[in-house]
Number of protein chains: 2
Amino acid sequence: MPDLSTRQLRAFIALADQRSFTKAAAACHLSQPAFSALIRTMEQSLGTRLFDRDTRSVQLSAEGRLFETSARQLLGDFCLAISDLGDHVERRKGRVHVAALPSLAAGWLPAIFAEFRKTWPGIDLNLSDLLSDPCIDLVRSNKADFALAATGTSQAGLDVQLLCSDRFFLVCRKDHPLASEKALTLKKLVPYPFIHMSRNSSVRQALDAALRPLQTNTFLEVDQLATVTGMVEAGLGISVVPALTLFHFERKALVTRSLPIPNLTRKIYVVRRQEGSLSVAAKALHDLIVLRMKG
Amino acid sequence: MPDLSTRQLRAFIALADQRSFTKAAAACHLSQPAFSALIRTMEQSLGTRLFDRDTRSVQLSAEGRLFETSARQLLGDFCLAISDLGDHVERRKGRVHVAALPSLAAGWLPAIFAEFRKTWPGIDLNLSDLLSDPCIDLVRSNKADFALAATGTSQAGLDVQLLCSDRFFLVCRKDHPLASEKALTLKKLVPYPFIHMSRNSSVRQALDAALRPLQTNTFLEVDQLATVTGMVEAGLGISVVPALTLFHFERKALVTRSLPIPNLTRKIYVVRRQEGSLSVAAKALHDLIVLRMKG
DNA sequence: CACACTTACGATATTCGTAAGGATT
DNA sequence: AATCCTTACGAATATCGTAAGTGTG
């Protein structure tokens, strides 16, 4: 099977169009003899004359005419494929699939996504707002490019990098005693009824790990942060949630108070597959996320 | 727009399949470093890394995966186009359009076509069995590859070569006086009623030119040779026709007799366009026709 | 240390442009 | 003589294979 290059195709088509070696050579930025040799080489490798030529006229031979259709089609497809690849490399096209904890998806990610989308309007986005484990599963099965999740144990085959430490805040009604408490401590929280996220949430797990010795009055567990908001606002109890989720609690009736315990944090990691680099688009979003978090 | 060769596509696909530079290099009959350089060059010209590789594993990058689909499609199309061209060059495919006088089409061409078709079963044939002028028009308008016709005047832009001189024969019933005439001459034919082809036929024109001084008793003109056969067989008259048409007159009731006038001939020419070579298939048929005529 | 990809490097092959050649108008 | 394609040829470039280098399990 003979070798053939796009340059040869271009030269062939140029000559078919111009019907002149001199003009076609100029169009290909080649000296005329070099162009002539190129066509000759092509004819040899295809095993047939493609042009009937003498000093007075140049035109496609029967076989050349037959090949012309294919050549135009092939070169067109080639250009399409190459420019499509170029679009992806230049970030004019693409798709990034991010898996992220729901606690990040509602409050923190939207601004990042908006900025990303503004910078790279051609790149589409997928966001799987799931708990840590399904997030990581998506990464492992290569369905998501990377995940923003909380994972203590380092996973085999996955690259896990700390994105940030998310400090916990007290959330309660303005008329709650703790809202005006001068010196907040964990111990002062314990007596009050707590509204918690369910045990499989990263928020809850980080909290449990940090509060290990203390026993809280957990009278209600829910699955969604928004539900916590509603419950706290209704005066059913208090809650302790990470800073990145405070978006949910920006309400007139509520206050959020920093807790003076430095290592009471939930750690957020960027998780991606060890093997295989990120796509250009995914790397762009990844880098933006890291930049906006660190910066 | 970057250059790209089928060799590079093959290498890319081989590496995508084998996921090993060593194996893919072997598959491409290249040393491993040369293969490595080939992939590197390709990545540079496309402006993106196509494979994620370290000493332990080789796999497509996101951009490589994107390009893989196109690459396989492109290489497939390439092979198709090249092998299709090859089929035509090797005469496994093709089509030849011949224009030929009806007087040749029925009797003389069938054996040639049969032999040609047996030798090159993949090549389809078109035969336009028309009078000289429409035959030549087909050649000039590039609808026919060449024509077998009678043309005195050399036509501008056309290449005209003598194929054969077709001697005329007397055709009459066995019971006709001329059938047993010892020494045939033209003059002895004159008194008898003639059945002629119409004046726009090449047979008639050649005959008229050759018989110029003599006046024949032309009481019937027809358009088809087969009609001449029927008329002569019915005893309506005699006719004089070229040797290559005698096929029509091989019948029990008829005799065909050579006329002892050497230059009483109709000349058959091969007519083709001056510019532009014949297709491989057309040349094959052309050469066979010339060979069978001369040989 | 064994395996697999990369780098280094001299040798070979290809491709280039300039200049001369040949054919046609 | 002018035009256009081909041939000739030395120079620049690209590609090849061998051998050494590097990094990982």
Side-chain angles (χ1 to χ4, degrees), chain A residues 1-46 48-61 64 154 156-159 273-277, chain B residues 2-46 48-61 64 156-159 273-277:
Chain A
M1 179 69 60
D3 187 26
L4 216 52
S5 68
T6 56
R7 241 168 51 95
Q8 286 175 305
L9 284 187
R10 266 189 286 271
F12 170 77
I13 290 172
L15 186 52
D17 287 340
Q18 308 273 357
R19 303 154 52 98
S20 151
F21 277 68
T22 309
K23 288 177 189 168
C28 292
H29 310 291
L30 273 174
S31 75
Q32 190 273 327
F35 185 86
S36 194
L38 190 158
I39 295 289
R40 185 169 3 104
T41 305
M42 192 172 169
E43 289 180 329
Q44 279 166 1
S45 73
L46 287 177
T48 183
R49 188 148 268 238
L50 295 171
F51 294 91
D52 288 321
R53 51 193 182 271
D54 52 40
T55 48
R56 223 53 207 160
S57 96
V58 176
Q59 61 179 337
L60 286 164
S61 69
S154 73
L158 294 183
D159 176 89
R273 285 164 32 95
Q274 245 166 12
E275 305 209 323
S277 58
Chain B
D3 187 27
L4 216 52
S5 68
T6 57
R7 241 168 51 95
Q8 287 175 306
L9 282 187
R10 267 190 286 270
F12 170 76
I13 290 172
L15 186 52
D17 287 339
Q18 307 274 356
R19 301 154 50 98
S20 151
F21 276 69
T22 309
K23 289 178 189 168
C28 292
H29 311 290
L30 274 173
S31 74
Q32 190 273 324
F35 185 86
S36 194
L38 191 157
I39 295 290
R40 185 169 3 101
T41 304
M42 192 173 169
E43 289 180 329
Q44 280 166 359
S45 72
L46 287 177
T48 182
R49 187 148 267 237
L50 295 171
F51 294 92
D52 289 320
R53 48 193 184 272
D54 52 42
T55 47
R56 223 57 204 159
S57 97
V58 175
Q59 61 180 337
L60 286 164
S61 69
L158 294 182
D159 177 90
R273 287 166 25 98
Q274 246 167 12
E275 305 212 322
S277 57

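Note on naming: letters A, B, ... go to the chains in the order of the sequence lines (proteins, then strands), and numbering restarts at 1 for each one. Scope of the values below: all heavy atoms of this structure, side chains included, with no hydrogens, waters or symmetry mates.
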### Task
Decide yes or no on side-chain contact (heavy atoms from CB on, under 4.5 Å) for B:Thr6 and A:Ser5, but give the supporting numbers first.
CA-CA 6 Å; B:Thr6 57; A:Ser5 68; over 6 Å; no
### Query
Once you round it to whole Å, what is the distance between P of C:dT7 and CZ of B:Phe35?
16 Å
### Task
Using atom CD1 of A:Ile39 as one end and atom P of C:dC16 as the other, report the distance to the nearest whole Å.
12 Å
### Opening and closing nucleotides of DNA chain D in contact with chain A, under 4.0 Å to non-hydrogen atoms
D:dC4 to D:dT7
### Message
Need one value for A:Leu38: base, sugar-phosphate or nothing, where a base atom within 4.0 Å counts as base even if backbone is also close, heavy atoms only.
### Response
nothing
### Query
Would you find a donor on one side and an acceptor on the other, under 3.5 Å apart, between the side chain of A:Asp159 and the backbone of A:Arg273?
no
### Message
Considering every strand and a 4.0 Å limit on heavy-atom distances, what is the contact class for A:Ser31: base, sugar-phosphate, or nothing?
### Response
base
## Note on the structure
Between B:Arg19 and B:Val58, the two heavy atoms sitting closest are CB-O, 3.4 Å
#### Entry: Protein-nucleotide distance (B:Arg56, atom CZ; C:dC1, atom C1'), rounded to Å
12 Å
### Message
Between B:Arg53 and C:dT6, is there a contact of a side-chain N or O with OP1 or OP2 at under 4.0 Å?
### Response
yes
#### Entry: Atom-pair distance (CZ on B:Arg19; C1' on C:dC5), nearest Å
16 Å
### Check against side-chain hydrogen bond (donor to acceptor under 3.5 Å, both in side chains), B:Ser61 and B:Asp52
CA-CA 5 Å; B:Ser61 69; B:Asp52 289 320; 5.1 Å; no
### Task
For A:Thr55 and for A:Ala37, find the nucleotide of DNA chain D with the closest heavy atom, then tell me which residue's nucleotide is more 5'.
A:Thr55
### Sugar-phosphate only, base, or nothing, as touched by B:Thr41 at under 4.0 Å among non-hydrogen atoms
nothing
### Between C:dC5 (P) and B:Leu30 (CG): distance, integer Å
14 Å
### Message
From CZ of B:Phe51 over to C1' of C:dA4, roughly how many Å is that when rounded to an integer?
### Response
15 Å
### Message
Any carboxylate oxygen within less than 4.0 angstrom of a Lys/Arg side-chain nitrogen, looking at B:Arg53 and B:Glu43?
### Response
yes
### Protein-nucleotide distance (A:Asp3, atom CG; C:dT14, atom P), rounded to Å
12 Å
### Residue closer to the 5' end of DNA chain C, A:His29 versus A:Asp54 (nearest nucleotide)
A:His29
### Task
Would you kindly give the CD-to-P distance between A:Glu275 and C:dC5, to the nearest whole Å?
13 Å
### Query
Counting only N and O atoms by type, is there a donor-acceptor contact under 3.5 Å from the side chain of A:Gln18 to the main-chain atoms of A:Ala27?
no
### Listed nucleotide nearest any side-chain atom of B:Pro33, set C:dC16, C:dT6, C:dA19
C:dT6
### Query
Between the main-chain N or O of B:Arg7 and the side-chain N or O of A:Asp3, is there a donor-acceptor pair closer than 3.5 Å?
yes
